[in-house]
Amino acid sequence: MTRTHAPYPFAKGHGTQNDFVILPDADGDRHERIDAAGVQRLTDRRAGIGGDGILRVVRTAATADPAAVAARDEAEWFMDYRNADGSVAEMCGNGIRVFARWLVDREGVDATTPLRIATRAGVLSVAVEPDGRISASVGAPRRLPASEVTVRDTGATLPTTGVDMGNPHAVAFVDDLAEAGSLLSEPAYDAGSTRRASTSSSSCAAASGTWRCGSTSAARGRRCRAAPARPR
């Protein structure tokens, strides 16, 4: 029996320690039907390529995703982001910066003006600074209903304030950082496609942790999440 293997182009990228598998699919003819199991195989750090999630790079005109279809008049490119567990996510702050770098370096997108990128959280603006840094405007935070998280490694239950920064977060303020546990275990919290929690001490963001489906300890938008939730 002769086996043939089709090429499977991919790249790896990272934004402040969030790492992603990048799947180039400009014309939508490679990964339109990728499922949760396929994402899990790709992001597996032992048996696959490994990553906190995948960034599928596809034109809005080349995919049937409703968010992309709705944005066709505003953006050429759609960031199809999936968490490492295969779940579909609205967007990722570090991911969209990696996505923008790919567009500029590999797809020839003009970096002299802000890039308009379609996501499931809407069309977002991303700027490439003269020094090469990339910044994303994720819009104003939106308060969500209060909830609670259970810290897995201590069993403590903490009241939280919900904050939407393009995807949902739970923010818990604590008097003693020990209440937050190790900040390395995913808490028991589910507010849609992304599970996260941010914790801050009463002395203002002395420590903060973020969890995403598939688990990661890196996210630098945490101050943006905690600030609007902080009691006045």
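Hydrogens, waters and symmetry mates are skipped; everything else that's a heavy atom, side chains included, is used.
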Smallest separation among heavy atoms of A62 and A26, with atom names: CB-O, 3.6 Å
Backbone N/O of A36 and side chain of R82: donor-acceptor pair under 3.5 Å: no
Donor-acceptor pair, side chain of E74 and main chain of G122, under 3.5 angstrom: no
Pairwise side-chain contact, V98 with H14, heavy-atom cut-off 4.5 Å (strictly under): no
Minimal non-hydrogen separation, T63 against A68, with atom names: CG2-CB, 3.4 Å
Any L23 side-chain heavy atom under 4.5 Å of I34 side chain: yes
CG-CD distance between N83 and Q40, expressed to the nearest 0.5 angstrom: 11.0 Å
Spacing of SG belonging to C92 relative to CZ belonging to R97, to within rounding of 0.5 Å: 9.0 Å
Co-membership, hydrophobic cluster, residues V126 and V104, 4.5 Å side-chain: yes
CA sep, side-chain torsions, deciding dist, call: R45, D19, side-chain contact (heavy atoms from CB on, under 4.5 Å): CA-CA 11 Å; R45 295 190 182 278; D19 65 325; 2.7 Å; yes
Heavy-atom check, side chain of W102 versus side chain of L55, under 4.5 Å: no
Salt-bridge present (D35, R33; N to O < 4.0 Å): no
Test item: S125 and R116 side chains (from C-beta on) under 4.5 Å apart, heavy atoms: yes
From D65 atom CG to T119 atom OG1, the distance as rounded to the nearest 0.5 Å: 10.0 Å
Cluster link V123 to W77, ILVMFWY, side chain under 4.5 Å: no
Gap between atom CD1 of I49 and atom NZ of K12 - 0.5 Å precision: 8.0 Å
N/O donor-acceptor pair under 3.5 Å between D27 side chain and D29 backbone: no
Distance in Å, D85 CG paired with T43 OG1, rounded so as to fall on 0.5 Å steps: 8.0 Å
Residues clustering with F78 (ILVMFWY side chains joined when closer than 4.5 Å, directly or via others): V58
A67 versus R120, closest heavy-atom pair with distance: CB-CA, 3.8 Å
E76 CD to L103 CG distance, which is reported to the nearest 0.5 Å: 8.5 Å
Residue pair P9 / P24: nearest heavy atoms and the distance that separates them: O-CD, 3.6 Å
Note: R56-D25 ion pair, threshold 4.0 Å (strictly below): yes
Sidechain-backbone polar pair: R101 side chain, G15 backbone, donor-acceptor under 3.5 Å: no
Atom CZ of R106: over 12 foreign heavy atoms under 6.0 Å: no
Side chains of M79 and V57 in contact at under 4.5 Å (non-hydrogen atoms): no
Of I54, V39, D52, the residue whose pairing with V21 passes side chain to side chain contact (heavy atoms under 4.5 Å, CB included): I54
Any F99 side-chain heavy atom under 4.5 Å of F20 side chain: no
D110 CG: over 12 foreign heavy atoms closer than 6.0 Å: yes
